[in-house]
Chemist: 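Okay, here's the structure, questions in a sec.
Starting from 1, each residue takes its place in the sequence as its number.
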Amino acid sequence: MTISVGDKIPDVTIKTNGAKGPEDLSTGEFFKGRKVVLFAVPGAFTPGCSNTHMPGFVVEADELLSKVDVIACLATNDAFVMDAWQKDQNAERITMLADGNAEFVKALGLELDATGGGMGIRSKRFALVANDGVVEYLGVDEKGVEDSSAQTVLKHL
């Protein structure tokens, strides 16, 4: 079942890159007590994600951060890949979250089965706004980047 507006973000342990490398991160703790914009991509360094999705959030970071506490990007990649992609995209104002085993996206009901193309289980392309762990907006794109774009998220803040 897919998470919906009004639902609480599930608590799953994922990874982020810390000062000494990958660190565990509890999604329950990450979303607790603050307003978060989370956008998720099927894979770091992929064309749509690198050329369209991430750049919108990098460009709109100032505007977004004037309305929320944190912007986070999630992908079903490891923390090392997410760190390299953050540097490649000049996305230092965005917290990178690694869901390498797709456990968080499965808990959200937003996984994408890309095994037919040899890419395993990925995340659907989506964005959400959560306030103290409760979803206030959810936009999922089956194709393209429309409902999960930075501009669309801004309209819902």
Chemist: With rounding to the nearest 0.5 angstrom, report the CD to OG distance, E111 to S123.
Modeler: 9.0 Å
Chemist: Pair up each side-chain donor or acceptor in residues 20-31 with any protein partner under 3.5 Å, not counting sequence neighbours, and list the distances.
Modeler:
from	atom 1	to	atom 2	distance (Å)
D24	OD1	K15	NZ	2.4
S26	OG	D11	OD1	2.6
S26	OG	G28	N	3.4
S26	OG	E29	N	3.2
T27	OG1	P10	O	2.6
T27	OG1	V12	N	2.8
T27	OG1	V12	O	3.2

Chemist: Indicate, with yes or no, if L108 and V70 share a hydrophobic cluster defined by side-chain heavy-atom contacts under 4.5 Å among Ile, Leu, Val, Met, Phe, Trp and Tyr.
Modeler: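 They do share one cluster, since a chain of ILVMFWY contacts under 4.5 Å joins V70 to L108.
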Chemist: I need the L64 CG to L154 CG distance, nearest 0.5 Å.
Modeler: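 Here the rounded value is 4.0 Å.
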Chemist: Could you check whether atom NZ of K8 has more than 12 heavy atoms from other residues, nucleotides or ligands sitting under 6.0 Å from it?
Modeler: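 Yes, the 6.0 Å shell around NZ holds more than 12 heavy atoms from other groups.
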Chemist: Spell out, yes or no, whether I9 and Y137 are grouped together once hydrophobic residues are joined by side-chain heavy atoms under 4.5 Å, including indirect joins.
Modeler: no
Chemist: Checking D78 side chain against V81 main chain: does a donor-acceptor pair fall under 3.5 Å?
Modeler: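 Checked: pair present.
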Chemist: Looking only at non-hydrogen atoms, find the nearest pair between S66 and E63 and report the distance.
Modeler: OG-O, 2.7 Å
Chemist: Give, for atom NE2 of H156 and atom CG of D147, the distance between the pair rounded to the nearest 0.5 Å.
Modeler: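 H156 atom NE2 to D147 atom CG measures 8.0 Å (nearest 0.5 Å).
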Chemist: Taking all heavy atoms of V153 and all of A127, pick out the closest pair and write down the distance.
Modeler: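 Shortest heavy-atom contact: CG2-CB, 3.6 Å.
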Chemist: Might you point out which heavy atoms bring C73 and W85 nearest each other, and give the distance in Å?
Modeler: SG-CZ3, 3.6 Å
Chemist: Can you list, pair by pair, the side-chain donor-acceptor contacts under 3.5 Å of residues 87-95, counting residues two or more places apart and other chains?
Modeler:
from	atom 1	to	atom 2	distance (Å)
K87	NZ	D83	OD2	3.0
R93	NH1	D62	OD1	2.1
R93	NH2	D62	OD1	3.4

Chemist: At their closest point, which heavy atom of A61 faces which heavy atom of I71, and how far apart are they?
Modeler: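 Nearest heavy atoms, A61 then I71: CA-CD1, 3.8 Å.
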Chemist: Quick one: does D69's side chain have a donor or acceptor within less than 3.5 Å of a partner on R34's backbone?
Modeler: no
Chemist: For residues 35-43, which side-chain donor-acceptor pairs fall under 3.5 Å, sequence neighbours excluded?
Modeler:
from	atom 1	to	atom 2	distance (Å)
K35	NZ	E136	OE1	3.3

Chemist: Is there a donor-acceptor pair under 3.5 Å between the side chain of D141 and the backbone N or O of R125?
Modeler: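 Answer holds: no.
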Chemist: Under 4.5 Å between side-chain heavy atoms, hopping through other hydrophobics if needed: is there a path connecting L97 to I3?
Modeler: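 The answer is yes; both residues are in one hydrophobic cluster.
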Chemist: Checking T76 side chain against D99 main chain: does a donor-acceptor pair fall under 3.5 Å?
Modeler: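 No; judged by distance alone, with no hydrogens or angles, the pair does not exist.
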Chemist: Ignoring hydrogens, what is the shortest heavy-atom contact between K106 and N101? Give both atom names and the distance.
Modeler: NZ-O, 4.2 Å
Chemist: Going from CE on M119 to OG1 on T46, what distance comes out if it is rounded to the nearest 0.5 angstrom?
Modeler: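 Going from CE on M119 over to OG1 on T46, the span is 8.5 Å.
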Chemist: Determine the minimum heavy-atom distance between N77 and A44, stating which atoms define it.
Modeler: OD1-N, 2.8 Å
Chemist: Is it the case that the side chain of T16 and the backbone of M96 share a donor-acceptor pair, with hydrogens and angles ignored and the cut-off at 3.5 Å?
Modeler: yes
Chemist: Do L65 and V58 belong to the same hydrophobic cluster, where Ile, Leu, Val, Met, Phe, Trp and Tyr are linked whenever their side-chain heavy atoms lie under 4.5 Å apart, directly or via other members?
Modeler: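 Yes, one cluster joins them.
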Chemist: Please answer: with hydrophobic residues joined when any side-chain heavy atoms are less than 4.5 Å apart, are L74 and V135 in the same cluster?
Modeler: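 L74 and V135: one cluster.
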Chemist: How long is the gap from CG on L110 to CZ on R122, to the nearest 0.5 Å?
Modeler: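 Between atom CG of L110 and atom CZ of R122 there are 16.0 Å.
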Chemist: Using the side-chain contact (heavy atoms from CB on, under 4.5 Å) rule, pick out the option among D7, L138, V140 that qualifies with L128.
Modeler: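 Of the listed residues D7, L138, V140, the side-chain contact (heavy atoms from CB on, under 4.5 Å) partner of L128 is L138.
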